K.L.:
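For reference, the structure I am asking about is given below.
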Number of protein chains: 2
Amino acid sequence: MDSKTSTFKQQKIAQFEELCRQQRLPKTIQRRVILEAVLDREDHPTADQLFEDVRNRIPGVSRTTVYRGLEALVQLGIVRRANHSDAVARFDGNTDHHHHLVCLGCDRVTDLDDLKLDPIKLPDGRRRGFEIADFSIHFEGYCPECRRKKSKALSPRAGLRREK
Amino acid sequence: MDSKTSTFKQQKIAQFEELCRQQRLPKTIQRRVILEAVLDREDHPTADQLFEDVRNRIPGVSRTTVYRGLEALVQLGIVRRANHSDAVARFDGNTDHHHHLVCLGCDRVTDLDDLKLDPIKLPDGRRRGFEIADFSIHFEGYCPECRRKKSKALSPRAGLRREK
DNA sequence: CTGCCTGCAAACGATTTGCACCAGC
DNA sequence: GCTGGTGCAAATCGTTTGCAGGCAG
């Protein structure tokens, strides 16, 4: 929205085009729009949500194209797969270092950019021969909405049903 | 295997029976065995792997029962869903505080019990009204196996295909 | 031209659901 | 006996694949 965000988006798109050139991949409108759709969202949309978003801009796209485009963007390292506990694939245009707030009530995941946390000593790197490149912290707790529900009804732990 | 592990298992099972009593749920053999199957594994098995394990002990079980049993155990808070990036559900009998090593090459997730990390200051708890109950750190990197592959071929980033 | 990308329809695999029956309490 | 668990088969849902064009380089 503001210029900062906008610049970020520009950069990502430039990065995408750059990679296409490097790898001699045709840069199609579809994939550009798919990337834009991911970048336009703050949350971690599912492939289907993105399909809807893309379809608003390119009425004829097929679901397959969106799925394949997303996969391609992941391969290029421009977007990330976001791992929620539901079974559907989710994507995240923010490939920078950031952390997550995971709600134990509704399973929603929000990004957390507070980086006072960063100076954690990346430890035991070579433990078990594992080479650590980065890390992110999952904070588990309850989002405002679920806190309210929780205080009202201590009981049932609204099932882990999928959101739709 | 050793007495410590064994005790842990006992406790979990006791906890399960306790919860069944509290909530007036019948405690069936199937669910007990499902729980045991989860506890007997160190990794994060898929529902289908657990189905196989359970079937070895109760030849007649249906896949449905295992799925439903696992769901029930998750609801009871005895086992956790483990979030990998592949599309299949995975489960984890270790509900204690622990961290994860996530391989960017093969997406495998391993538990990390090194708790020198624990004294991290749980910060900004009330940020956005989010109530933080716990946290876990995802270390992203490359497991020994993928490091080897990576050093040989810098190129293709073996696709994110499912393991089977 | 050549190769990757697209769209469609069909296939697929994991998970869920409806229903009749059976088992704990 | 009532309630919830089980097993089976069918349905569902997200995702992938095969194939025939189409388009970017």
Side-chain angles (χ1 to χ4, degrees), chain A residues 16-35 44-52 54-55 57-76 81-91 107 156 159-164, chain B residues 16-35 44-52 54-55 57-76 81-91 107 156 159-164:
Chain A
F16 165 64
E17 300 187 340
E18 173 64 15
L19 284 167
C20 285
R21 220 170 303 129
Q22 279 179 23
Q23 310 197 13
R24 308 229 163 273
L25 303 176
K27 49 185 219 269
T28 63
I29 319 93
Q30 284 91 332
R31 296 204 171 173
R32 234 256 322 280
V33 172
I34 292 170
L35 175 56
H44 302 161
T46 65
D48 256 30
Q49 286 170 334
L50 291 169
F51 170 57
E52 290 302 332
V54 173
R55 189 154 63 167
R57 309 192 211 181
I58 310 175
V61 271
S62 86
R63 198 186 306 275
T64 316
T65 300
V66 175
Y67 276 94
R68 279 193 284 223
L70 286 168
E71 178 66 22
L73 294 173
V74 171
Q75 298 295 331
L76 290 174
R81 246 171 239 279
N83 308 338
H84 290 213
S85 59
D86 52 11
V88 300
R90 289 171 178 276
F91 298 87
D107 275 325
L160 288 173
R161 302 268 48 76
R162 304 196 174 158
E163 58 189 31
K164 194 182 66 181
Chain B
F16 164 64
E17 301 187 339
E18 173 63 15
L19 283 168
C20 285
R21 220 171 302 127
Q22 278 178 25
Q23 311 198 13
R24 308 227 165 272
L25 303 175
K27 50 183 218 270
T28 64
I29 320 94
Q30 284 92 332
R31 297 203 171 173
R32 234 255 322 280
V33 173
I34 292 170
L35 176 55
H44 302 161
T46 65
D48 256 29
Q49 286 171 334
L50 291 168
F51 169 57
E52 288 303 333
V54 172
R55 189 155 62 167
R57 308 190 212 182
I58 311 177
V61 271
S62 86
R63 191 181 257 93
T64 316
T65 300
V66 175
Y67 276 94
R68 280 193 283 222
L70 286 168
E71 178 66 23
L73 293 172
V74 170
Q75 297 295 331
L76 291 174
R81 247 174 238 280
N83 309 337
H84 290 210
S85 60
D86 52 10
V88 299
R90 288 172 180 275
F91 298 87
D107 274 325
L160 289 173
R161 302 268 51 75
R162 303 191 177 161
E163 59 188 28
K164 194 181 65 183

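Quick note: numbers below take in every heavy atom, side chains included, and nothing from hydrogens, waters or symmetry partners. Worth saying up front: this structure is predicted, and the values here are computed from it rather than measured. Letters A, B, ... mirror the listed sequences (proteins, then strands); counts begin at 1.
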K.L.:
Between S62(A) and dC8(C), does any side-chain N or O lie under 4.0 Å from OP1 or OP2?
P.N.:
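For dC8(C), OP1/OP2 do not have a side-chain N/O of S62(A) under 4.0 Å.
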
K.L.:
Would you give a per-nucleotide map of nucleotides 18-25 of chain C, 5' to 3', where B means the base has a protein non-hydrogen atom under 4.0 Å away, S means only the sugar-phosphate does, and - means neither?
P.N.:
B-----SS

K.L.:
Within the structure, does a side-chain N or O atom of Q23(A) lie under 4.0 Å from either OP1 or OP2 of dC4(C)?
P.N.:
no

K.L.:
Side-chain N or O of Y67(A) versus OP1/OP2 of dT16(D): is the shortest distance under 4.0 Å?
P.N.:
no

K.L.:
Of the listed nucleotides (dT15(C), dC8(C), dG5(D)), which one gets closest to any side-chain atom of V88(B)?
P.N.:
dT15(C)

K.L.:
Enumerate the salt bridge (charged side-chain N to carboxylate O under 4.0 Å, His left out) contacts for residues 19-35 of chain A, please, sequence neighbours excluded, ordered by first and then second residue.
P.N.:
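Residue pairs with at least one partner in residues 19-35 of chain A: E18(A)-R21(A), R32(A)-E36(A).
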
K.L.:
Got a sec, which residues hit side chain to side chain contact (heavy atoms under 4.5 Å, CB included) with Y67(B), two or more places apart in sequence or on another chain?
P.N.:
A47(B), D48(B), R63(B)

K.L.:
Nearest whole angstrom, please: distance from the P of dG5(D) to the CG of L19(B).
P.N.:
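Taking CG of L19(B) and P of dG5(D), I get 14 Å after rounding.
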
K.L.:
What is the separation between atom CG on D86(B) and atom C1' on dA14(C), rounded to the nearest whole Å?
P.N.:
11 Å

K.L.:
Are R31(B) and dT6(D) close enough that a side-chain N or O sits under 4.0 Å from OP1 or OP2?
P.N.:
yes

K.L.:
Apply side-chain contact (heavy atoms from CB on, under 4.5 Å) to the pair I34(B) and L50(B), showing each step before the final yes or no.
P.N.:
CA-CA 7 Å; I34(B) 292 170; L50(B) 291 168; 5.9 Å; no

K.L.:
List in chain and number order the residues that pass salt bridge (Lys or Arg N to Asp or Glu O under 4.0 Å) with E17(B), two or more places apart in sequence or in another chain; answer none if no residue qualifies.
P.N.:
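Checked E17(B) against salt bridge (Lys or Arg N to Asp or Glu O under 4.0 Å); zero matches.
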
K.L.:
Could you pull out the closest heavy-atom pair between A89(A) and R81(A), with the gap in Å?
P.N.:
CB-NH1, 4.2 Å

K.L.:
Would you please name every residue forming a side chain to side chain donor-acceptor pair (under 3.5 Å) with S62(A), sequence neighbours left out?
P.N.:
T65(A)

K.L.:
Could you tell me the separation between the CZ atom of R55(B) and the P atom of dT6(D), rounded to a whole number of Å?
P.N.:
17 Å

K.L.:
Return yes if some donor-acceptor pair links the side-chain N/O of R90(B) with the main-chain N/O of H44(B) below 3.5 Å, else return no.
P.N.:
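Here the side-chain-to-backbone pair exists.
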
K.L.:
Would you kindly give the CD-to-C1' distance between E71(A) and dT17(D), to the nearest whole Å?
P.N.:
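Checked: the CD to C1' distance equals 13 Å.
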
K.L.:
Please state how far atom CD in Q30(B) lies from atom C1' in dG7(D), giving the value in whole angstrom units.
P.N.:
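Going from CD in Q30(B) over to C1' in dG7(D) covers 10 Å.
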
K.L.:
Any Lys/Arg nitrogen of R68(B) or E71(B) sitting under 4.0 Å from an Asp/Glu carboxylate oxygen of the other?
P.N.:
no

K.L.:
Select base, sugar-phosphate, or nothing to describe what A47(A) touches, counting heavy atoms under 4.0 Å on all strands.
P.N.:
sugar-phosphate

K.L.:
Measure the angle between the two terminal helix axes of the helix from dC1(C)-dG25(D) to dC25(C)-dG1(D), five base pairs each, and quote it to 10°.
P.N.:
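Axis angle across the helix from dC1(C)-dG25(D) to dC25(C)-dG1(D), nearest 10°: 40°.
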
K.L.:
To the nearest 0.5 Å, what is the distance between CG on L70(B) and CZ on F51(B)?
P.N.:
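The distance works out to 11.5 Å.
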
K.L.:
Can you measure R21(A) atom CZ to dG3(C) atom P for me and round it to whole angstrom units?
P.N.:
22 Å

K.L.:
I34(A) has an atom CD1; how far is it from atom P of dC5(C), in whole Å?
P.N.:
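Rounding to the nearest Å, CD1 of I34(A) and P of dC5(C) are 11 Å apart.
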
K.L.:
For the pair made of CZ in R63(A) and P in dC13(D), what is the distance, rounded to whole Å?
P.N.:
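Atom CZ in R63(A) sits about 11 Å away from atom P in dC13(D).
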
